[in-house]
Amino acid sequence: MKKALAALLPEELVAEFPLGQLYRGNQIFHWLQSGLSDFQGMTNLSKELRQRLEDSCLIQTSRIESRAVDPDGSTKYRIELKDGRLIESVLLVDSRGRKTICLSTQVGCAMGCRFCRTASMGFIRNLEPYEIVEQVLLIEKDGGKAGNIVFMGMGEPLLNLGNLRKAVTVLGHPLGRAIAPKRMTLSTCGIVDGIEEMATLGPPIRLALSLVTAEPLLRAHLMPSTESNSLSRIREALLRYQGVTKKRVTLEIVLLGGVNTRQRDIEELFRFVRQLKVIVNLIPWNPVDSLPFRRPLKDEINDFKRRLNAGGIQVTQRYRRGGGISAACGQLFT
Ligand code: SAH
């Protein structure tokens, strides 16, 4: 079977082929991360080396199977992996034209959040580091370079942390895409061991927690992962994470109309954020057929926001990007 190259670092390329000098590895790494699709285009390598690479390796193991463009400018990509599995990734464009790529880290997801469409796929498998990097290379070739990466697509990133860490190292490498760690964000449903590991071993990227609600009973009902990752343990892990990294954490709250907008949810949220440095990001629920929720009314959103602000919490609201093509948060499904 041919070898996947997209997540090999220069020194790993040198060892793999063996190339002797590091600059050879640097050259190949640079070509791979520039999005080149053909070994013969690696013009500063000898013909013989190009041929050897072509015979034994693949620049891309995945391919764009289809794409859907939303009138708001975002594009959802359906990507076929080498085993025929499908994942989705999204290129988001904000009002100022800045691009963000939303990456998947797993095929399907095991977390079972009741409001999320990906949950209905169940967990199929983890993505390899090269499958994570290839999403960026494929999407940028189609849609142009993006300045930000968010690990908020399909899957629970902290349950594939080793592979994600490797992908982050590659994406951040100065000879490649050189995306600064502060331009990458990982979103988790709250895997305590993973938050602890991230605090000590990295990657040093931004962290977002899908809190949804800080009211324990409702959260346990909406997010079954709460059973083995209680809110109090998540909170302690965030405190330790902030102690080590000094970074502000984003709390994402998917607003489910009439469900998690109660006064209780607000009160518990105030208790949850004590001693933490946070910003709250509100995401009005994006409709998923067959799920028994509704989008919150405008008044409900504004009222929720106002009550958080009154308690001194900084709040932002996520624009509904990609909603027209089922590419918005929690609508990814293959
Ligand atoms: N597993 C990770 C990352 C994927 S979900 C996590 O849970 O954070 C990315 C975000 O989309 C999460 O904040 C999740 O709560 C939210 N989400 C899921 N389904 C949604 C829906 N139907 N509408 C809006 N947001 C949703």
Side-chain angles (χ1 to χ4, degrees), residues 74 76 87-90 92 100-124 126-127 132 135 149-161 164 184-192 194-195 198 205-214 218-219 221-226 228-229 231 234 237-238 249-257 259-261 265 278-296 300-301 304 316-334:
S74 37
K76 177 170 74 172
I87 52 168
E88 290 186 336
S89 330
V90 188
L92 301 145
T100 297
I101 299 179
C102 178
L103 296 178
S104 291
T105 52
Q106 300 182 319
V107 186
C109 185
M111 297 296 93
C113 299
R114 291 190 187 236
F115 46 82
C116 177
R117 188 170 188 210
T118 308
S120 63
M121 292 176 70
F123 173 69
I124 299 169
N126 277 332
L127 294 187
I132 300 174
Q135 291 173 64
I149 301 283
V150 294
F151 296 96
M152 296 186 187
M154 287 179 173
E156 171 43 53
L158 287 184
L159 293 180
N160 190 16
L161 188 50
L164 182 141
M184 297 192 240
T185 304
L186 176 162
S187 174
T188 178
C189 65
I191 304 297
V192 171
I195 297 171
M198 220 180 134
I205 63 178
R206 291 180 189 276
L207 179 63
L209 169 72
S210 297
L211 180 64
V212 182
T213 176
L218 180 60
R219 193 173 199 272
H221 170 71
L222 294 172
M223 303 174 75
S225 62
T226 312
S228 41
N229 298 270
L231 277 167
I234 294 175
L238 290 184
V249 171
T250 300
L251 302 179
E252 298 159 283
I253 298 187
V254 185
L255 281 182
L256 307 163
V259 174
N260 61 346
T261 51
D265 299 289
V278 301
I279 180 165
V280 167
N281 188 207
L282 299 181
I283 317 171
W285 185 67
N286 294 309
V288 176
D289 280 352
S290 79
L291 294 187
F293 299 103
R294 65 161 172 85
R295 274 179 82 76
E300 210 174 352
I301 301 172
F304 195 82
T316 61
Q317 188 182 329
R318 188 167 303 177
Y319 293 104
R320 183 162 177 260
R321 300 262 150 210
I325 47 171
S326 290
C329 299
Q331 292 184 315
L332 302 184
F333 178 86
T334 57

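Both counts, for ligands and for their atoms, begin at 1 and track the order of listing. Just so you know, these numbers come straight off a predicted model, no measurement behind them.
Looking at Thr188 against ligand 1, only its backbone comes within 4.0 Å, counting heavy atoms. In Glu252, the part holding a heavy atom less than 4.0 Å from any atom of ligand 1 is the side chain.
Checked against a 3.5 angstrom limit, the closest N/O atoms of Gly155 and ligand 1 fall inside it. Backbone and side-chain nitrogen or oxygen atoms of Val288 are examined, and none is located within less than 3.5 angstrom of a nitrogen or oxygen of ligand 1. The N/O atoms of Asn286, backbone and side chain alike, include one that comes under 3.5 Å of an N/O atom in ligand 1.
Taking a cut-off of under 4.0 Å to the non-hydrogen atoms of Gly153, the atoms of ligand 1 that pass are 4 (C). The atoms of ligand 1 that sit less than 4.0 Å from any heavy atom of Cys189 are 6 (C), 7 (O), 8 (O). Remark: ligand 1 atoms within the under-4.0 Å shell around heavy atoms of Ser210 are 6 (C), 7 (O), 8 (O), 12 (C), 13 (O), 14 (C), 15 (O). The contact set between ligand 1 and Cys116, taken as ligand atoms under 4.0 Å from a residue heavy atom, comprises 18 (C), 19 (N).
Taking OG1 of Thr226 as the reference point, atom NE2 of His221 lies at 11.0 Å (rounded to 0.5 Å).
Residue Glu156 places a heavy atom under 4.0 Å from ligand 1.
With sequence neighbours excluded, no residue satisfies side chain to side chain donor-acceptor pair (under 3.5 Å) with Thr118. Taking Arg294 as the reference, Glu300 meet the salt bridge (Lys or Arg N to Asp or Glu O under 4.0 Å) condition, with sequence neighbours excluded.
In this structure, a donor-acceptor pair under 3.5 Å is absent between the side chains of Thr250 and Asn281. Between the side chains of Glu156 and Thr188, a donor-acceptor pair is found at a separation under 3.5 Å.
In this comparison of Phe293, Phe151, Trp285, the heavy atom closest to atom 22 (N) of ligand 1 sits on Trp285.
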